[in-house]
Amino acid sequence: MIAMRIGIGIDTGGTSTDAVLLDLDTHAVLDSAKALTTHYDLMTGILNALDGLDPDLCRKAELAGLSTTLATNACVEGKARKSRLLLLGIDYNGIVRNGARFGLNDPDDIRYLPCRTTIRGEVLEEPDWSVLRRHAKEWFHDVEAVAVCEIFAVRNQGVLEKKAARIIAEETGLPAVESSTLFGDLSSLERAASALLNAGLIPITRDFLDAARDAFRARGIQAEIMVVRSDSSLMSCPFAMDHAVETLLSGPAASALGGSALVGAGQAVIVDMGGTTTDIALIEDRLPILCDDGIRVGNWKTLVRGLFSTSFALGGDSVIRWKFGKITIGPERAIPLSLLARRHPDIVQTLADQIRATPVHSLPLHEFLTLGRSDWDTIPMSPEEERLCRALERGPLSLQQAANLLHLDKYLLDTTFLEQSGAILRAGLTPTDVMHVRGDFTAYDVDCARLAVGFAAASLDMQPEKFCRQIYTEIEHRIFLGVSQMLLEYANPYFHKNGLDEGIQGMLEMQWKKRKKAPAGLLRFGCYTPATLIGIGGPIHLFLKGAADALHAPCVIPDHAPTANAVGAVTGQITASVSGEVRIDHREAETAVFKVLIPGMETRSFEEEQDAAAYCLACVRAEAERRVRAQGAVGEIRVTDSTADNTYDDTKLATRFTATASTYVHPETKEDDA
């Protein structure tokens with residue numbers, strides 16, 4: 001009898017940490033559990049999730065797959081850890097002109113060192129390294145990591161980047177990320193933005209992976225640990241530590257894998273609604289569709305290869321506020337007040353007393369502040385901010401109480417820095433609280449949820465039931481718009497590049513408003529899909545059908561939908577793709593030179609096309625295998641390749657060669673990792 005091969009999947013999101021035990025051969029879910037994510041100590045949340053699984057089966061697990069939306073959430077909410085960019089050979093004016101397109105919005109927050117290199121990577125004049133040594137502590141005293149980018153680093157193995165990173169590490173002790181070790185693309189600003197984002201995500205990713213490894217060790221689980229990367233493949237923990245930006249779409253990628261594995265639909269739209277974001281991905285031929293170029297998350301345009309997907313700030317923990325009589329949901333997240341009240345019951349009376357004194361207000365006076373990091377005292381802050389954190393060690397404070405503590409008018413209370421650093425967290429009214437009031441989810445404190453909804457409804461001069469109904473409808477509306485935009489962007493590259501113009505947006509709004517009416521009139525239009533909408537995540541069953549009906553699409557909520565991400569975390573494989581081009585360079589009318597261009601490698605020229613093609617194919621195949629092994633693969637590697645001609649007016653301009661190396665993880669053949 002062949003022993004069952006068992007895997008553990010762990011997905012840590014902004015709200016919940018999910019765990020599953022999976023039969024690796026049949027993909028049958030053997031056990032599942034869900035726990036709250038504990039941001040102050042991620043290990044506790046992972047342990048709580050693991051403790052909900054069969055302990056004997058956990059110890060027999062051979063493979064563990066991890067996925068997380070922590071990096072995605074940090075980008076969407078603008079809460080990546082503070083990092084700073086050092087540019088070599090790229091000046092201030094270049095960032096002013098072009099930086100915003102890639103997420104480099106503040107030229108004054110970047111540090112610059114002049115140098116001169118050629119497009120071939122030759123160093124004509126090195127930076128003045130004494131300037132960097134003299135100013136490193138001053139330039140980077142208030143950040144947790146540094147990114148270094150030199151304009152032509154991919155053509156010289158990043159020789160100047162390496163020197164700069166070494167000096168920064170020696171002078172400051174901070175981790176310094178070299179852009180050319182992450183990406184081989186020549187586009188310096190995209191490389192710079194991606195490296196900067198990587199630097200800001202390193203502390204978040206490191207904390208998550210350390211917590212997972214410590215939790216597994218504490219429960220005697222010796223499974224090999226892999227991490228889901230943005231293109232739905234797997235990577236080793238050491239690789240993920242250095243390439244934190246590759247986890248940007250780790251959660252959405254696991255969603256796509258898990259939803260596809262649980263339902264098996266050939267064409268599908270995966271809609272994963274978590275606590276912080278709603279992630280949408282597309283499935284065709286039962287495989288996730290990948291993006292042709294670098295992924296974009298929030299304002300960041302990166303070089304990371306990933307899913308053709310979108311993530312937008314809408315989830316069970318999206319904060320609900322109002323301004324000038326209009327309700328907003330997100331983009332910020334908050335701890336649901338019902339959950340905070342379960343942990344700190346005293347806030348219910350505090351909130352009731354406060355509402356009795358101030359029944360309505362334009363400010364969210366129902367919100368509370370609570371301590372977010374136990375090591376908050378390691379963060380540089382003002383005396384007033386330190387005073388607030390010390391007070392929060394004794395328990396949560398309402399906004400009014402916090403303002404009183406600091407002798408401030410409530411309109412002047414500003415906790416932006418403390419929230420961005422994670423030192424404190426905000427609790428407020430969320431869709432999760434509205435679910436408590438409507439009876440759809442009642443695991444926490446219903447009374448506190450009712451108080452907050454009552455205050456919000458009164459401040460908007462409406463009845464609580466109407467307020468709750470309006471929140472549900474708006475969530476359905478946002479999901480409909482998100483799915484429609486994804487389908488349009490996939491159908492037409494114009495929309496993917498430029499977004500939806502006002503006319504298309506207006507037509508979608510008309511479709512939504514008429515969704516419950518029979519077709520009538522001279523014109524019928526709309527965005528419809530035959531693909532199955534697959535809903536995963538805790539609250540999605542409450543909202544997906546309304547969006548699916550407006551799209552005339554079938555809708556499925558599979559078994560184990562609340563923990564589908566964890567299923568996806570352990571069903572991927574390790575893959576790496578590399579592309580290169582053979583370009584025809586017409587020097588004279590009768591002759592041509594064939595140039596081989598592969599990102600990160602020296603350009604080579606050949607007189608014969610077949611020689612250029614053979615060299616290019618050999619290089620991309622070798623590089624694909626090298627990368628897949630760097631991600632943690634051992635043993636036999638499968639490498640496939642493809643070619644595509646780039647033509648214009650029936651004239652061939654170039655041939656593109658792509659090699660993909662892949663292997664399923666076989667823990668029993670894994671080499672010892674000393």
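Fair warning: this is a prediction, and the values are worked out from it, not measured in the lab.
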Expected list for residues 128-138: side-chain donor-acceptor pairs under 3.5 angstrom, two or more places apart:
{"from": "Asp128", "atom 1": "OD1", "to": "Ser130", "atom 2": "N", "distance (Å)": "3.1"}
{"from": "Asp128", "atom 1": "OD1", "to": "Ser130", "atom 2": "OG", "distance (Å)": "2.5"}
{"from": "Trp129", "atom 1": "NE1", "to": "Glu126", "atom 2": "OE1", "distance (Å)": "2.7"}
{"from": "Arg133", "atom 1": "NH1", "to": "Glu170", "atom 2": "OE1", "distance (Å)": "3.1"}
{"from": "Arg133", "atom 1": "NH1", "to": "Glu171", "atom 2": "OE2", "distance (Å)": "2.9"}
{"from": "Arg133", "atom 1": "NH2", "to": "Glu170", "atom 2": "OE1", "distance (Å)": "2.9"}
{"from": "His135", "atom 1": "ND1", "to": "Glu138", "atom 2": "OE1", "distance (Å)": "3.1"}

Exercise for review: Inspect the surroundings of CG in Asp461 and state if more than 12 heavy atoms from other residues, nucleotides or ligands are less than 6.0 Å away.
Suggested key: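 No - once you tally the heavy atoms of other residues, nucleotides and ligands closer than 6.0 Å, there are 12 at most.
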Review point. Does a sphere of radius 6.0 Å around CD in Glu465 hold more than 12 heavy atoms from other residues, nucleotides or ligands, not counting ones at 6.0 Å or beyond?
Key: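 For Glu465, atom CD is crowded (more than 12 foreign heavy atoms under 6.0 Å).
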Let me confirm one number: the [atom1]-[atom2] distance from [X] to [Y], rounded to the nearest 0.5 Å.
{"X": "Thr247", "Y": "Leu70", "atom1": "OG1", "atom2": "CG", "value": "8.5 Å"}
{"X": "Cys448", "Y": "Leu351", "atom1": "SG", "atom2": "CG", "value": "5.5 Å"}
{"X": "Glu474", "Y": "Ile479", "atom1": "CD", "atom2": "CD1", "value": "10.5 Å"}
{"X": "Leu399", "Y": "Leu369", "atom1": "CG", "atom2": "CG", "value": "5.5 Å"}
{"X": "Leu314", "Y": "Met273", "atom1": "CG", "atom2": "CE", "value": "4.5 Å"}
{"X": "Thr430", "Y": "Ile335", "atom1": "OG1", "atom2": "CD1", "value": "10.5 Å"}

Are [X] and [Y] side-chain neighbours, meaning at least one heavy-atom pair lies under 4.5 Å?
{"X": "Leu451", "Y": "Val348", "result": "yes"}
{"X": "Ile355", "Y": "Leu365", "result": "no"}
{"X": "His361", "Y": "Lys410", "result": "yes"}
{"X": "Phe140", "Y": "Arg111", "result": "yes"}
{"X": "Val177", "Y": "His243", "result": "no"}
{"X": "Trp139", "Y": "Thr172", "result": "no"}
{"X": "Leu197", "Y": "Leu248", "result": "yes"}
{"X": "Met435", "Y": "Leu542", "result": "yes"}

Point to revise | side chain to side chain contact (heavy atoms under 4.5 Å, CB included) partner of Val227, chosen from Thr68, Leu209, Thr205 | key: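 In the set Thr68, Leu209, Thr205, the residue that makes a side chain to side chain contact (heavy atoms under 4.5 Å, CB included) with Val227 is Leu209.
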Review point. Testing Leu418, Leu397, Leu425, Thr370 for side chain to side chain contact (heavy atoms under 4.5 Å, CB included) with Leu392, which one passes?
Key: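 Only one option passes, and that is Leu397.
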Work out which heavy atom in [X] is nearest to a heavy atom in [Y]; give both atom names and the distance.
{"X": "Tyr444", "Y": "His436", "result": "N-NE2, 3.0 Å"}
{"X": "Leu337", "Y": "Leu429", "result": "CD1-N, 3.9 Å"}
{"X": "Pro464", "Y": "Val453", "result": "CB-CG1, 4.1 Å"}
{"X": "Ala341", "Y": "Asp445", "result": "CB-CB, 3.6 Å"}
{"X": "Gly94", "Y": "Leu189", "result": "O-CD1, 4.5 Å"}
{"X": "Pro396", "Y": "Phe368", "result": "CB-CD2, 4.3 Å"}

Exercise for review: Apply side chain to side chain contact (heavy atoms under 4.5 Å, CB included) to Leu104 and Asn98, showing your working.
Suggested key: CA-CA 8 Å; Leu104 303 175; Asn98 301 306; over 6 Å; no
Check your understanding: Do the ring planes of Tyr112 and Tyr92 sit parallel (below 30°), tilted (30 to 60°) or perpendicular (above 60°)?
Key ->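 The arrangement is perpendicular - the two ring planes meet at more than 60°.
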Establish, from distance only, whether the side-chain atoms of [X] and [Y] form a donor-acceptor pair under 3.5 Å.
{"X": "Ser398", "Y": "Glu367", "value": "no"}
{"X": "Ser83", "Y": "Glu144", "value": "no"}
{"X": "Thr44", "Y": "Asp41", "value": "yes"}
{"X": "Glu386", "Y": "Trp376", "value": "no"}
{"X": "Glu385", "Y": "Ser382", "value": "yes"}
{"X": "Thr415", "Y": "Arg426", "value": "yes"}
{"X": "Asp272", "Y": "Ser255", "value": "yes"}
{"X": "Thr17", "Y": "Thr37", "value": "yes"}

Are the side chain of [X] and the backbone of [Y] linked by a donor-acceptor contact shorter than 3.5 Å?
{"X": "Thr277", "Y": "Phe312", "value": "no"}
{"X": "Ser230", "Y": "Glu246", "value": "yes"}
{"X": "Ser318", "Y": "Gly330", "value": "no"}
{"X": "Thr473", "Y": "Gln470", "value": "no"}
{"X": "Arg84", "Y": "Val143", "value": "no"}

Check your understanding: What residues form a salt bridge (charged side-chain N to carboxylate O under 4.0 Å, His left out) with Asp317, not counting sequence neighbours?
Key ->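 Result, salt bridge (charged side-chain N to carboxylate O under 4.0 Å, His left out) vs Asp317: Arg333.
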Practice item. Apply salt bridge (charged side-chain N to carboxylate O under 4.0 Å, His left out) to Glu161 and Arg191, showing your working. Key: CA-CA 12 Å; Glu161 290 185 350; Arg191 229 182 334 111; 3.6 Å; yes
Looking at [Y] and [X], is there a salt bridge between them, counting it only when a charged N and a carboxylate O are closer than 4.0 Å?
{"X": "Lys34", "Y": "Asp18", "result": "yes"}
{"X": "Arg219", "Y": "Asp51", "result": "yes"}
{"X": "Asp377", "Y": "Arg390", "result": "no"}

Exercise for review: Could you tell me whether Arg438 sits above the aromatic face of Tyr472, with NZ or CZ closer than 6.0 angstrom to the six-membered ring centre and within 45 degrees of the axis?
Suggested key: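 Ring-cation test returns yes.
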Practice item. Could you check Met226 against Met235 for side chain to side chain contact (heavy atoms under 4.5 Å, CB included), going step by step and ending with a plain yes or no? Key: CA-CA 6 Å; Met226 306 296 288; Met235 55 185 168; 5.6 Å; no
Exercise for review: Verify side chain to side chain contact (heavy atoms under 4.5 Å, CB included) between Asp214 and Ile46, making sure each step is shown before the conclusion.
Suggested key: CA-CA 10 Å; Asp214 291 346; Ile46 295 171; over 6 Å; no
**Study point:** Worked check of side chain to side chain donor-acceptor pair (under 3.5 Å) between Ser67 and Asp11
**Key:** CA-CA 5 Å; Ser67 67; Asp11 175 73; 2.6 Å; yes
Exercise for review: List the steps and the verdict of side chain to side chain contact (heavy atoms under 4.5 Å, CB included) for Ile10 and Leu50.
Suggested key: CA-CA 9 Å; Ile10 298 286; Leu50 285 173; 3.9 Å; yes
